[in-house]
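Report on one structure; see the data block that follows.
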There are 4 protein chains.
Amino acid sequence: MSVHLASDRFGKSGVRLATVERDGDRHVFSDLDIDVRLEGDFEAVHTRGDNSPVLTTDTMRGTCYALARHYGARSPATLGSRIAERLLEACPAASHARVDLARLPWERLAVDGAPHTHTFRPGPGGRQLTTIRQPRGQAPTVSAGADGVRVLKTTGSAFDSYIKDEYTTLPETRDRIMATTVAASWGYVDPLVADHAAPEHERLLDEVPATFCARFATHDESESVQHTLYEMGEAALAAHDELTWISFRMPNEHHILADLEPYGLDNPNHVFVVTDRPYGVIEGTIARDGPSAARAEPA
Amino acid sequence: MSVHLASDRFGKSGVRLATVERDGDRHVFSDLDIDVRLEGDFEAVHTRGDNSPVLTTDTMRGTCYALARHYGARSPATLGSRIAERLLEACPAASHARVDLARLPWERLAVDGAPHTHTFRPGPGGRQLTTIRQPRGQAPTVSAGADGVRVLKTTGSAFDSYIKDEYTTLPETRDRIMATTVAASWGYVDPLVADHAAPEHERLLDEVPATFCARFATHDESESVQHTLYEMGEAALAAHDELTWISFRMPNEHHILADLEPYGLDNPNHVFVVTDRPYGVIEGTIARDGPSAARAEPA
Amino acid sequence: MSVHLASDRFGKSGVRLATVERDGDRHVFSDLDIDVRLEGDFEAVHTRGDNSPVLTTDTMRGTCYALARHYGARSPATLGSRIAERLLEACPAASHARVDLARLPWERLAVDGAPHTHTFRPGPGGRQLTTIRQPRGQAPTVSAGADGVRVLKTTGSAFDSYIKDEYTTLPETRDRIMATTVAASWGYVDPLVADHAAPEHERLLDEVPATFCARFATHDESESVQHTLYEMGEAALAAHDELTWISFRMPNEHHILADLEPYGLDNPNHVFVVTDRPYGVIEGTIARDGPSAARAEPA
Amino acid sequence: MSVHLASDRFGKSGVRLATVERDGDRHVFSDLDIDVRLEGDFEAVHTRGDNSPVLTTDTMRGTCYALARHYGARSPATLGSRIAERLLEACPAASHARVDLARLPWERLAVDGAPHTHTFRPGPGGRQLTTIRQPRGQAPTVSAGADGVRVLKTTGSAFDSYIKDEYTTLPETRDRIMATTVAASWGYVDPLVADHAAPEHERLLDEVPATFCARFATHDESESVQHTLYEMGEAALAAHDELTWISFRMPNEHHILADLEPYGLDNPNHVFVVTDRPYGVIEGTIARDGPSAARAEPA
């Protein structure tokens with residue numbers, strides 16, 4: 001029998017790194033959860049126990065902290081690009097570096113009605129995601145996303161006219177609660193992030209979720225999660241020319257009308273049972289038509 | 001050998017219940033996680049397998065949903081009191097009912113700068129807690145609290161001048177990050193919640209955490225988590241005459257200055273390692289002096 | 001207004017500590033999760049920001065690792081007692097020390113049918129719990145327990161003849177699945193753990209859960225979780241003279257008979273819906289009668 | 001601007017389903033967590049809110065329970081194949097069905113030294129995974145795996161001779177603890193699962209993890225996680241002709257030698273700090289050489 005290493009990858013996950021930057025009294029707090037990965041020619045590591053090509057994952061961790069001292073963590077795209085470059089430089093056997101940076105949302109605590117200079121609390125909205133992919137000898141590309149973006153609407157959502165078979169018991173409704181925790185990712189028309197593109201990317205990390213959440217709210221003609229997902233994608237692509245595609249994963253967090261009939265009570269969309277499991281999952285990618293779409297590459 | 005049942009308690013946990021109430025177009029969404037417990041004379045259930053005194057936990061669950069239809073979930077104190085009363089009525093063997101209601105924070109999504117009428121996202125701040133304790137034949141008492149209230153300050157916190165022994169390696173500092181996720185509970189001077197007291201209680205569920213978080217922010221002379229905890233308690237009792245005591249559990253969520261010296265780099269409070277475990281835990285109860293303190297009863 | 005510190009406590013949680021001890025080729029792996037707490041006269045710390053009485057929680061952590069080097073971690077009672085003593089010695093303001101040690105279950109991996117000398121996998125059964133309470137100047141006491149002890153039986157459990165009120169819809173049954181994840185704690189008749197008592201305590205950490213799980217299995221006349229809980233407690237006290245009381249918290253992890261009637265199918269206890277929430281909670285303490293019971297003190 | 005739906009998928013996750021089958025007194029308990037997904041031509045659902053092609057995810061859930069009544073849950077491959085077929089039959093717009101079934105490990109509780117007929121506890125080892133992929137009009141394929149398979153060895157693992165750069169501080173070692181929680185997946189040489197192949201698949205769900213865990217234990221010449229991962233893959237392919245490839249994801253769950261030097265203590269591989277984060281991640285796929293490898297398709 002003979003076998004071979006068909007693929008491999010290694011790196012560090014869960015590098016939790018925060019920075020404080022000071023604009024006078026006003027502090028900026030950045031809080032990241034970083035994953036790094038290398039791919040390349042590491043066959044000897046696996047087959048012969050030869051560690052000479054290995055950059056240890058502990059060194060990857062140290063690299064993140066050291067480069068955060070040099071470049072700060074305010075711009076995940078800038079820090080991520082520097083980390084990717086450095087890992088390829090330090091590890092000749094690697095052909096590709098990937099860095100995923102999740103920024104945790106913090107907002108200034110309001111004290112006496114004013115945002116505090118140096119006290120923070122978790123912000124609403126989810127984590128902002130930046131992915132840097134760097135093939136050796138080529139420019140890095142950036143893609144982006146958000147996860148943990150939870151939204152709920154108490155009306156403006158229907159679900160009916162679907163297939164009924166012998167295993168269908170779900171009642172049709174023209175008025176229900178729709179709730180989800182959006183995970184989104186998107187690609188840029190021009191995926192090369194030079195350092196001067198980072199500010200634009202950072203702006204979109206704020207703006208894109210705001211756009212699709214607003215569309216979630218205003219889409220009161222919703223016939224299904226799918227229907228709203230598509231509207232959210234269309235709204236994001238319409239509002240942000242920089243995007244060429246956007247993908248969503250939207251669990252349907254069911255709020256089931258409580259069955260109060262056995263108690264002799266009606267329930268006109270008043271009381272709901274909130275459930276965890278099972279849950280529906282709706283996924284979809286919306287892409288711009290035309291030549292730029294050719295570059296669309298939902299991961 | 002002979003043994004006996006020294007104590008017992010039973011109930012339902014994790015009753016997830018939401019309600020939608022409509023003020024015209026403006027919807028009010030309430031989202032609760034409810035636990036109920038009964039205590040009393042249930043010895044025959046345990047020792048003889050006699051279920052005749054048992055109100056099933058499934059019926060307790062149903063009672064929560066049914067009473068939410070009657071009374072709504074907008075006021076946890078009102079709903080909780082009705083549930084406690086009903087459980088004692090339905091279960092003659094029970095001598096005490098307890099209902100814990102955690103309200104999940106939701107806020108209106110802002111769309112085009114205005115709070116939306118029927119779309120919500122998780123609010124900042126933690127869960128608001130209401131506990132109803134109802135002994136049979138007596139008025140119910142209410143106590144309150146909050147959990148998951150996360151705050152972080154990037155300066156205004158010191159820690160030094162502590163005991164040094166042979167196992168002490170922690171460096172002293174006059175400037176560090178202090179972060180915690182507060183769990184608080186408090187008791188009222190007049191603990192009887194008649195229905196007319198519920199609005200006051202609801203108001204304090206919002207105001208007390210705002211008060212102690214503001215003091216967390218402004219207490220820039222902090223010498224320790226203990227020092228700030230006490231200030232937070234004092235501020236809450238000073239601002240809210242209704243409270244007779246307040247307890248805090250404050251984990252010290254360590255942000256450790258990254259050691260960049262091995263890399264030949266300085267680190268003037270710039271880059272931090274965020275850690276989960278182990279974590280310090282600081283607990284304390286602050287009580288008002290004088291006669292009202294006699295009624296203080298931290299759970 | 002004047003207020004005071006009514007109570008306080010501080011310490012470290014989540015100290016994760018493992019040791020390897022070598023009996024020749026045969027390695028013994030011990031894996032602990034330790035919490036430590038101190039109480040005493042720390043008012044100045046809170047009210048004046050005076051840290052001179054403070055033993056830092058980082059030093060507590062260091063103390064655990066250092067004493068594990070001296071005493072090993074094979075006996076949680078021995079290690080915990082040494083930690084408690086040392087913390088009181090190092091911190092004169094403290095009047096009480098408490099150390100909670102949870103031992104994670106590991107068992108030897110079987111390779112070619114034989115237990116391996118140095119490879120382990122998680123064992124069945126839950127965590128073994130040891131609590132040391134040490135008041136200054138007195139002997140330490142030990143209490144014990146287990147959590148995460150999951151068991152399920154597919155028959156031999158009934159539930160009927162309970163109260164029916166207007167909110168009761170649960171169908172009665174003479175045959176159901178009963179599943180729970182037991183959390184247990186117990187106290188010893190002679191609570192002083194001299195070092196020579198530690199081996200007995202360690203043995204009971206293994207044997208007591210085995211006893212109550214066996215009774216869970218054999219009690220096929222179960223009329224309710226309460227009924228079985230009592231039998232489990234009685235069996236533990238009958239088999240182990242060293243125990244004076246035992247407490248259980250047993251969630252009722254509902255396996256609900258799937259309602260297949262809408263699909264035109266019967267379901268003779270064949271297919272079940274496994275649910276997480278809500279769940280019933282049954283708690284009870286069984287104590288030995290007579291003089292020793294006077295010392296019973298369920299925490 | 002114009003956009004289009006580039007891809008989509010929908011289904012139900014977290015369908016928790018258990019069955020009891022009776023061989024006389026001896027009960028067989030099967031416990032599954034099922035995910036189902038459909039793909040196909042659902043564009044009108046997204047773009048026009050037309051639900052006529054939709055099989056609701058609630059119906060998918062019902063289908064799982066109904067088919068478990070017909071086919072039992074003892075064979076995940078059989079049940080999963082029937083579910084996949086049925087979903088395609090019930091939903092004409094779907095071109096592909098996928099069913100993922102995770103079997104939770106339960107073992108018989110030993111009572112008086114004998115395996116009990118109807119009482120179970122969680123078994124060691126992780127979840128057994130079966131994936132059915134069914135394109136319309138073609139035979140279903142099955143792939144397999146395991147997750148949550150935790151193993152730890154206290155010696156027989158080295159890590160040295162790696163790259164040292166300016167960010168490297170990790171000390172080299174010839175003797176360390178190696179711990180991981182394996183997630184594995186594998187493909188079959190002949191991926192068509194006719195019903196008669198299901199027993200073979202079920203057997204391999206038990207045997208393949210046993211094989212690679214044994215190799216983890218015996219590979220005492222380990223120079224790295226990568227090195228051992230490859231050996232585990234090679235052993236699995238050598239022992240089980242049915243497999244054409246096997247993939248592993250193995251986090252390096254670091255047990256760091258406690259630094260006791262500041263306390264004046266040595267630490268000859270005795271006391272370790274157990275850490276959660278960050279953690280190394282090592283991934284690799286081992287494939288059989290030759291023509292069968294052409295069919296290798298790590299997901």
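So you know, we letter chains A, B, ... as the sequences are listed, proteins then strands, and number each from 1.
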(message) Can you confirm whether A/H254 sits close enough to D/D58 that some side-chain heavy atom of one is under 4.5 Å from a side-chain heavy atom of the other?
(response)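 Heavy-atom side-chain distance check fails, nothing below 4.5 Å.
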(request) Please tell me if the side chains of D/L5 and A/T285 come closer than 4.5 Å, counting only heavy atoms from C-beta onward. (result)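 Counting from C-beta outward, D/L5 and A/T285 never come under 4.5 Å.
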(request) Hey, could you give me each pair passing ring-ring contact (aromatic ring centres under 6.0 Å, His included) that has a residue in residues 34-58 of chain D? Not counting sequence neighbours. (result)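 Qualifying pairs: D/F10-D/F42.
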(message) Quick check for you: to the nearest 0.5 Å, what is the distance between D/M60 atom CE and A/T168 atom OG1?
(response)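 Result: 10.5 Å between the selected atoms.
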(message) Once rounded to the nearest 0.5 Å, what's the spacing between atom OG1 of A/T56 and atom CG of D/D160?
(response)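 Going from the OG1 atom of A/T56 to the CG atom of D/D160 covers 12.0 Å.
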I'd like to verify something: which residue of [options] has the highest number of heavy-atom pairs under 4.5 Å with chain A?
{"options": "D/S13, D/P251, D/G62, D/G284", "result": "D/S13"}
{"options": "D/D8, D/D241, D/V54, D/D50", "result": "D/V54"}
{"options": "D/T57, D/V225, D/T59, D/T47", "result": "D/T59"}
{"options": "D/I282, D/N252, D/L170, D/T169", "result": "D/L170"}

(message) Heavy-atom pairs under 4.5 Å with chain D: which of A/F248, A/F159, A/Y65 has the most?
(response)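 Sorted descending by pairs with chain D, the first entry is A/F159.
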(request) Using a cut-off of under 4.5 Å on heavy-atom pairs, state which of A/V36, A/V15, A/T63 scores highest against chain D. (result)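 Of the options given, most contacts go to A/T63.
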(request) Work out which heavy atom in D/R61 is nearest to a heavy atom in A/P278; give both atom names and the distance. (result)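 Here D/R61 and A/P278 meet closest at CD-CG, 3.6 Å.
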(message) Can you give me the closest heavy-atom contact between A/N51 and D/E223, atom names plus distance?
(response)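 Answer, listing the atom of A/N51 first, then D/E223: ND2-O, 2.9 Å.
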(message) Using the side-chain contact (heavy atoms from CB on, under 4.5 Å) definition, which of the options D/R37, D/R9, D/K12 pairs with A/V281?
(response)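 Going through the options one by one, the only one that passes is D/R37.
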(message) Heavy atom to heavy atom, less than 4.5 Å: which residues from residues 226-236 of chain D reach chain A?
(response)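 Within residues 226-236 of chain D, the residues that come under 4.5 Å of chain A (heavy atoms only) are D/Q226, D/H227, D/L229, D/Y230, D/E234.
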(message) Suppose the criterion is salt bridge (Lys or Arg N to Asp or Glu O under 4.0 Å): which pairs have a residue in residues 175-189 of chain A, not counting sequence neighbours?
(response)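 For residues 175-189 of chain A: none.
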Result block: side-chain N/O donor-acceptor pairs under 3.5 angstrom for residues 88-96 of chain A, not counting sequence neighbours:
| unit_1 | atom_1 | unit_2 | atom_2 | d |
| --- | --- | --- | --- | --- |
| A/S95 | OG | A/E39 | O | 3.3 |

